[in-house]
Undergrad: 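Structure provided below as structure tokens; questions to follow.
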Amino acid sequence: MPAKLKRLNTKFFQRDVLEVAPQLIGKTLVRQFAHGQHVRFMITETEAYRGEEDLACHAAKGRTSRTEVMYHRGGKIYVYLIYGQYWLLNFVTGEADFPAAVLIRSLENITGPGRVGRALQLNRTFYGEDLTLSDRIWVEDDGYLPEIETSARIGVDYAGDWASLPWRFSLRK
DNA sequence: GTAAGGATTGGC
DNA sequence: CCAATCCTTACT
């Protein structure tokens with residue numbers, strides 16, 4: 001089967017982030033580099049960020065130049081630099097004008113969102129990249145049926161009650 | 001213009 | 001435990 005048929009499409013991403021985030025576990029992230037080489041990693045940990053009322057979500061501060069892409073319809077990439085050194089990878093989900101995204105926290109053998117960005121060699125040019133069209137990064141369904149477990153999101157203690165929601169999803173070991 | 005802080009990591 | 005490192009946001 002051509003790889004193209006396995007690529008996750010707009011229909012997959014244009015749903016509620018709380019459906020998309022757990023369903024990304026076990027999917028395959030593909031990164032193709034300029035020199036033609038590509039790498040494939042199974043996604044093993046994600047987190048959902050959902051709407052302006054979610055105080056852990058960057059869109060809690062409203063629609064700004066930084067959060068703009070989160071207000072687009074699902075299927076695009078939202079990347080941002082954290083602590084001046086790590087590019088964190090997110091997939092925008094849902095309908096237009098409702099800000100939501102999935103943070104890719106870990107891949108197989110690459111634990112931690114900062115390490116994910118480093119391994120994939122991300123930078124600001126990935127902001128707004130369309131996962132359904134890009135020739136350098138996309139996601140495929142290779143048919144794994146993983147067991148998933150939930151837990152609280154990491155590093156968002158400032159978000160009050162929103163910090164304790166079970167919006168972190170990971171592959172059951 | 002200036003200041004504060006961050007969806008992290010690695011080293012001491 | 002804490003520095004690194006720079007972008008975004010909020011405020012004087």
Side-chain angles (χ1 to χ4, degrees), chain A residues 8 12-27 29 31 39 41-95 97-131 137-139 146 148-173:
Chain A
L8 298 185
F12 180 90
F13 292 105
Q14 203 170 339
R15 295 177 297 146
D16 193 285
V17 68
L18 294 176
E19 290 183 46
V20 177
Q23 289 181 25
L24 280 169
I25 303 298
K27 297 297 188 292
L29 180 59
R31 172 81 166 94
V39 291
F41 299 102
M42 182 167 69
I43 297 171
T44 57
E45 184 183 6
T46 63
E47 279 176 0
Y49 289 86
R50 189 178 187 281
E52 293 181 348
E53 59 175 11
D54 174 6
L55 296 181
C57 181
H58 289 167
K61 303 203 170 183
R63 194 165 185 157
T64 66
S65 56
R66 183 205 211 190
T67 62
E68 174 62 27
V69 76
M70 295 182 79
Y71 289 78
H72 294 203
R73 80 202 238 272
K76 291 183 179 177
I77 283 178
Y78 166 47
V79 287
Y80 66 94
L81 185 66
I82 188 70
Y83 300 115
Q85 27 190 87
Y86 304 105
W87 288 95
L88 300 207
L89 175 63
N90 299 256
F91 300 158
V92 176
T93 66
E95 304 293 328
D97 297 324
F98 184 86
V102 179
L103 169 65
I104 306 303
R105 285 196 64 89
S106 295
L107 306 173
E108 201 169 24
N109 300 319
I110 303 176
T111 58
R115 291 171 177 165
V116 168
R118 192 172 57 190
L120 299 177
Q121 297 177 35
L122 301 183
N123 56 56
R124 70 184 67 257
T125 71
F126 283 81
Y127 185 94
E129 185 99 349
D130 192 328
L131 282 166
I137 186 168
W138 64 91
V139 186
I148 296 165
E149 56 189 32
T150 63
S151 51
R153 293 177 293 181
I154 303 294
V156 294
D157 290 347
Y158 60 82
D161 292 342
W162 293 89
S164 56
L165 295 173
W167 286 5
R168 175 180 175 225
F169 307 93
S170 51
L171 189 69
R172 190 179 296 267
K173 298 185 184 76

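Computed from heavy atoms alone, side chains included, the values below leave out hydrogens, waters and symmetry copies. Residue numbers begin at 1 in each chain, while the letters A, B, ... track the order of the sequences.
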Undergrad: Identify whether the distance between the nearest side-chain nitrogen and carboxylate oxygen of K76(A) and E129(A) falls below 4.0 Å.
TA: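 Between E129(A) and K76(A) there is no salt bridge, as every charged N stays at least 4.0 Å from the carboxylate O atoms.
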
Undergrad: Drop me the distance from R66(A)'s CZ to Y78(A)'s OH, to the nearest 0.5 angstrom.
TA: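 The distance works out to 4.0 Å.
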
Undergrad: Rounded to the nearest 0.5 Å, what separates atom CG in D97(A) from atom NE2 in H72(A)?
TA: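 The CG atom of D97(A) sits 9.0 Å away from the NE2 atom of H72(A).
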
Undergrad: Start at the 5' end of DNA chain C and walk down; is the nucleotide closest to Y86(A) or to R124(A) reached first?
TA: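 That would be Y86(A).
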
Undergrad: Return the value, rounded to whole Å, for the distance between atom CG of D157(A) and atom P of dG6(B).
TA: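 Spelled out: CG on D157(A) to P on dG6(B) is 10 Å.
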
Undergrad: Give one of base, sugar-phosphate or nothing for E47(A), where a contact means two heavy atoms less than 4.0 Å apart.
TA: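 Touches nothing.
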
Undergrad: Calculate, to the nearest 0.5 Å, the distance between atoms CZ and CZ belonging to F169(A) and R153(A) respectively.
TA: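 Taking CZ in F169(A) and CZ in R153(A), the distance rounds to 9.5 Å.
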
Undergrad: Would you kindly give the CG-to-C1' distance between L88(A) and dG5(B), to the nearest whole Å?
TA: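 Rounded to whole Å, this separation is 15 Å.
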
Undergrad: Report the distance from atom CD1 of I82(A) to atom C1' of dT9(B), rounded to the nearest whole Å.
TA: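 Taking CD1 of I82(A) and C1' of dT9(B), I get 11 Å after rounding.
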
Undergrad: Can you tell me how far C1' of dG6(B) sits from OH of Y158(A), to the nearest Å?
TA: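 Rounding to the nearest Å, OH of Y158(A) and C1' of dG6(B) are 8 Å apart.
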
Undergrad: If you count heavy atoms of other groups shown closer than 6.0 angstrom to CZ of R172(A), is the number above 12?
TA: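 Yes, enclosed.
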
Undergrad: As a test of reading the structure: which of dT9(C), dC7(C), dA4(C) is closest to the side chain of R66(A), going by heavy atoms?
TA: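 Of dT9(C), dC7(C), dA4(C), dT9(C) is nearest to the side chain of R66(A).
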
Undergrad: Calculate the interatomic distance between K61(A) atom NZ and dC11(C) atom C1'; express it in whole Å.
TA: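 Between C1' of dC11(C) and NZ of K61(A): 12 Å.
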
Undergrad: Do the side-chain N or O atoms of Y83(A) get closer than 4.0 angstrom to the phosphate oxygens (OP1, OP2) of dA3(C)?
TA: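 No, because none of the side-chain N or O atoms of Y83(A) sits under 4.0 Å from OP1 or OP2 of dA3(C).
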
Undergrad: Contact list please: residues 97-121 of chain A against DNA chain B, heavy atoms, distance less than 4.0 Å, in numerical order.
TA: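 Within residues 97-121 of chain A, the residues near DNA chain B are L103(A), R105(A), G112(A), P113(A), G114(A), R115(A), R118(A).
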
Undergrad: Quick one: is T64(A) getting a side-chain N or O under 4.0 Å of the dT9(C) phosphate, OP1 or OP2?
TA: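 True: T64(A) side-chain N/O within range (under 4.0 Å) of dT9(C) OP1/OP2.
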
Undergrad: Requiring both pairing distances under 3.5 angstrom, list the stems that contain DNA chain C and are made of three or more consecutive Watson-Crick or G-U pairs.
TA: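 Output for stems: B:1-6 with C:6-11, B:8-11 with C:1-4.
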
Undergrad: If only side-chain N and O atoms of H58(A) are considered, is one of them under 4.0 Å from the OP1 or OP2 phosphate oxygen of dA7(B)?
TA: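 H58(A) to dA7(B) OP1/OP2: side-chain N or O found under 4.0 Å.
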
